[in-house]
Amino acid sequence: MSNSTVTILTYHRIADAGSRDLAPTLIDAYPADFEAQMRYLAGHYNVVSSWDIVRALREGYTLPRRALAITFDDGYICFRDTAFPILRRLGLPVTLFVATGYTSNPTRLFWWDAIYRALTRTAQAEIDIESIGRLPLRTNSQREYAFNLIVPIIETRREADAARLVDSILSHCNVEPNRDAHLLGWDDVASLAAEGVAIGPHTREHPILAQVSPERARAEIEGSWADLGARIPRPLPIFCYPNGQPYAVNRAAREAVRAAGFAGAVTMVAGLNVLGQTNPFLLHRIGAVAGESLDHFRLKISPAGRLYRRVKAIARRKPLHMFEA
């Protein structure tokens with residue numbers, strides 16, 4: 001890999017499967033696999049900060065060969081308990097993006113976790129949801145099917161409609177409120193920042209910015225940046241788009257991030273970042289998949305991974321660059 005390209009990895013949760021409260025779809029690596037991946041990176045890549053990458057894209061800052069950055073989204077507590085001890089032991093820099101409205105109340109659940117918890121814990125044999133229909137919940141397979149059906153519907157709805165649908169599902173499932181802290185609080189974030197973790201904003205309430213008004217998007221972007229500035233010294237001026245897929249990041253969101261004074265922003269669109277070409281406000285990131293082999297992980301982040309992703313995109317009949325101009 002030449003120093004004209006740079007890789008950014010992204011993770012959400014590092015955990016074993018089996019929680020009844022948190023959606024397993026956000027587990028990107030099991031703990032032992034994550035440690036093996038980080039040991040591989042420590043021995044074969046030059047792990048740099050995300051700020052180094054943005055400086056290289058914006059200012060021509062020189063990166064070492066095989067440069068790579070590691071990022072985490074959302075602020076799950078497993079970052080503190082599982083991921084960061086491994087990263088610290090190996091001396092690898094990392095960026096954590098937090099949704100500050102949840103950091104202020106760590107027992108809150110993101111909507112996907114709230115739905116997963118409700119479907120997993122409900123005593124209802126079925127629920128009947130307007131605009132979706134009747135969903136049987138008698139078996140684990142039926143509950144998993146319902147969850148996988150519901151999530152993409154919510155992701156593509158306007159915010160108000162999505163919120164009503166989430167509330168309807170939770171009401172029909174009728175489970176007790178969550179009281180366990182699954183997310184990092186402000187004391188955790190401040191402690192991690194003091195240990196060298198770069199902390200960046202991920203909005204306050206984690207809305208899909210393309211689904212909200214431009215005014216709401218600006219408030220979410222600027223508000224999360226203000227929250228971090230009030231709580232920790234020197235927060236990272238790089239923004240993380242919630243969801244981060246092409247349909248979730250429109251022109252208004254990009255312009256609001258730029259206008260708020262950020263130096264760059266990360267998406268969830270897979271690919272390498274090319275110095276002199278990649279828009280620093282549409283940075284590509286590559287995600288891990290829980291249970292994948294180390295060989296597959298190595299291929300995915302290698303130069304050959306570009307060909308691998310191209311073949312996958314052709315097979316799925318999807319364009320590689322789907323952002324609007």
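At least one donor-acceptor pair closer than 3.5 Å links the side chain of His172 to the backbone N or O of Asp128. Within the 3.5 Å criterion, the main-chain N or O of Gly185 finds a donor-acceptor partner in the side chain of Asp188. A side-chain donor-acceptor contact under 3.5 Å links Gln142 to the backbone of Arg138. The backbone N or O of Phe79 sits nowhere less than 3.5 Å from a side-chain atom of Thr82 that would complete a donor-acceptor pair. A donor-acceptor pair under 3.5 Å is formed between the side chain of Arg143 and the backbone N or O of Leu119. Put simply, the side chain of Thr278 never gets that close to the backbone of Asn273: no donor and acceptor are under 3.5 Å apart. Side-chain atoms of Asp28 never come within 3.5 Å of backbone atoms of Gly287 as a donor-acceptor pair (strictly under, hydrogens ignored).
Side-chain contact between Leu41 and Leu68 is present, with heavy atoms from C-beta onward closer than 4.5 Å.
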Quiz item: Going through the checks in order, is the side chain to side chain contact (heavy atoms under 4.5 Å, CB included) test met by Ile86 and Phe34?
Solution: CA-CA 9 Å; Ile86 294 170; Phe34 179 74; 3.8 Å; yes
Exercise. Before giving the answer on side chain to side chain donor-acceptor pair (under 3.5 Å), spell out for Thr95 and Thr71 the whole-Å C-alpha distance, their side-chain angles and the decisive distance to 0.1 Å.
Key: CA-CA 5 Å; Thr95 294; Thr71 66; over 6 Å; no
Exercise. Kindly determine whether Arg285 and Asp73 satisfy salt bridge (Lys or Arg N to Asp or Glu O under 4.0 Å), including the steps that lead there.
Key: CA-CA 12 Å; Arg285 293 190 294 173; Asp73 293 2; 2.7 Å; yes
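Here the CZ-CG distance, from Arg80 to Leu96, works out to 12.0 Å after rounding to the nearest 0.5 Å. A distance of 11.5 Å separates CG in Leu184 from CZ in Phe84, rounded to the nearest 0.5 Å.
For Phe72 and Phe97, the distance between ring centers is not under 6.0 angstrom.
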